[in-house]
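Written below as structure tokens is the structure these notes are about.
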Number of protein chains: 2
Amino acid sequence: MGFSKRQLFNASQNQVASFTKVLGHPARIAMIQHISENKDCNCNALVEKTGLSQPTISQHLGEIRKIGLLKQKVKGKNLFYSIDLDQLNECRRVVNDFFVKTQVNCNK
Amino acid sequence: MGFSKRQLFNASQNQVASFTKVLGHPARIAMIQHISENKDCNCNALVEKTGLSQPTISQHLGEIRKIGLLKQKVKGKNLFYSIDLDQLNECRRVVNDFFVKTQVNCNK
DNA sequence: TTTTATCATTGTGATATTGCAATATCACGT
DNA sequence: ACGTGATATTGCAATATCACAATGATAAAA
């Protein structure tokens, strides 16, 4: 095989997993942090910060974008990235919800 | 390539990523939920609940165990799993910390 | 218009993950 | 000892992920 059998699980479970899956790589964690710390952060800044190549960074940006965490703004030939705070909160809520429910269930 | 360059990132970033990576699969989310909901949950119960095969479940259990989220208790020939609440809280704290810091940085 | 800078996309190789069948292990009951 | 049930391990095939070189696309600058 090699693929995950998503159809076996419900929407909520798949949602938690798809958020956490994107966070499950240190490069993406570092990138999200760096974008949040720097107002005008472009692709090159992330390349320099992480030591990864430009295509690799671009690919990771694509993953982060897929779950809606990324906003971007063109300024000249630059593309400046920022975090979508609403979606970050949504993501946080979904993940935290999972933790809370799990914890509550354990204490029954 | 195909491997992730962990040495490029700091311990904290790698820790967040290693926790979320394990949560980044719907089967593992479903399994953790089911274990938390059922006091006496063994491997077979998870097989029936998820529709995945016994070896696959066993493998996912191994991943969950690796990050310390799993406790197990032998009862006859059964192995009953439960969630390690302390580690669940640690995991929650680490992940939430990431969200909070990111959010705070965005608002500067 | 040509060059340069920035970023995305494509193609490719290496490695990791997912899933299962087959098998091994281990404890219990007979 | 033997069979049974529960779980882990092994081996394998299919797919996904990670990383980068090469290339493409676009817009400012020369």
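So you know, we letter chains A, B, ... as the sequences are listed, proteins then strands, and number each from 1. Since the structure is predicted, the reported quantities are computational estimates derived from the model, not experimental observations.
The main-chain N or O of A:S12 is found under 3.5 Å from a side-chain atom of A:N10 such that the two form a donor-acceptor pair. Checked by atom type and distance alone, the side chain of A:D84 pairs as donor or acceptor with a backbone atom of A:Q87 at under 3.5 Å. At distances below 3.5 Å, at least one donor-acceptor pair connects side-chain atoms of B:T102 with backbone N or O atoms of B:F98.
As rounded to whole Å, 12 Å separates atom P of D:dA28 from atom CG of A:L79. Remark: P of C:dC7 and CG of A:L46 are 9 Å apart, rounded to the nearest angstrom. Atom pair B:K5:NZ and C:dA14:C1' shows a separation of 13 Å (rounding to whole Å applied). Counting to the nearest Å, the P atom of D:dA6 and the CD atom of B:Q72 are 16 Å from each other. A:N78 places its CG atom 18 Å from the P atom of C:dT4, with the value rounded to the nearest Å. Taking atom CZ of B:F80 as the reference point, atom P of D:dG5 lies 16 Å away to the nearest angstrom. Note: NZ (B:K75) to P (D:dT7) measures 13 Å, nearest angstrom. Across the protein-nucleic acid pair, B:L61 atom CG and D:dT9 atom P stand 11 Å apart, rounded to whole Å.
Contact between the side-chain N/O atoms of A:H60 and the OP1/OP2 oxygens of D:dT17 is not found at any separation under 4.0 Å. Residue A:H25 places at least one side-chain N or O closer than 4.0 Å to OP1 or OP2 of D:dA19.
Closest to the side chain of B:N42, from the set D:dA6, D:dA8, C:dT9, is D:dA6. Of the listed nucleotides (D:dA19, D:dA8, C:dC7), C:dC7 has the atom at the smallest distance from the side chain of A:Q54. Comparing C:dC7, D:dT9, C:dG19 against the side chain of B:T56 picks out C:dG19 as the nearest. The nucleotide whose nearest atom lies closest to any side-chain atom of B:K77 is, among C:dA8, D:dT7, D:dA6, D:dA6.
Within the 4.0 angstrom heavy-atom criterion, only backbone atoms of the sugar-phosphate kind lie near A:L52; the bases stay farther away. Among the protein residues, B:K21 comes within range of the sugar-phosphate backbone only, with heavy atoms under 4.0 Å from sugar or phosphate atoms but none that close to a base. Using a 4.0 Å heavy-atom distance criterion, A:R28 is classed as a sugar-phosphate-only contact. If you check every strand for non-hydrogen atoms under 4.0 Å, A:Y81 touches sugar and phosphate atoms only. Among the atoms of the strands shown, only primed sugar atoms or phosphate atoms (P, OP1, OP2) are found under 4.0 Å from some heavy atom of B:S4.
In this structure, B:R65 places its CZ atom where more than 12 heavy-atom neighbours from other residues, nucleotides or ligands lie under 6.0 Å away.
Linking Ile, Leu, Val, Met, Phe, Trp and Tyr residues whenever their side-chain heavy atoms come within less than 4.5 Å leaves A:L70 and A:F80 in two separate clusters.
Ring geometry for A:H25 against B:F9 counts as perpendicular: the plane angle is over 60°, on a 0 to 90° scale with 30° as the lower cut.
Toward the 5' end of DNA chain D, the nearer of the two residues A:Q59 and A:G2, judged by each one's closest nucleotide, is A:G2. When each of A:P55 and A:G24 is assigned the nucleotide of DNA chain D with its nearest heavy atom, A:G24 is the one assigned upstream, toward the 5' end.
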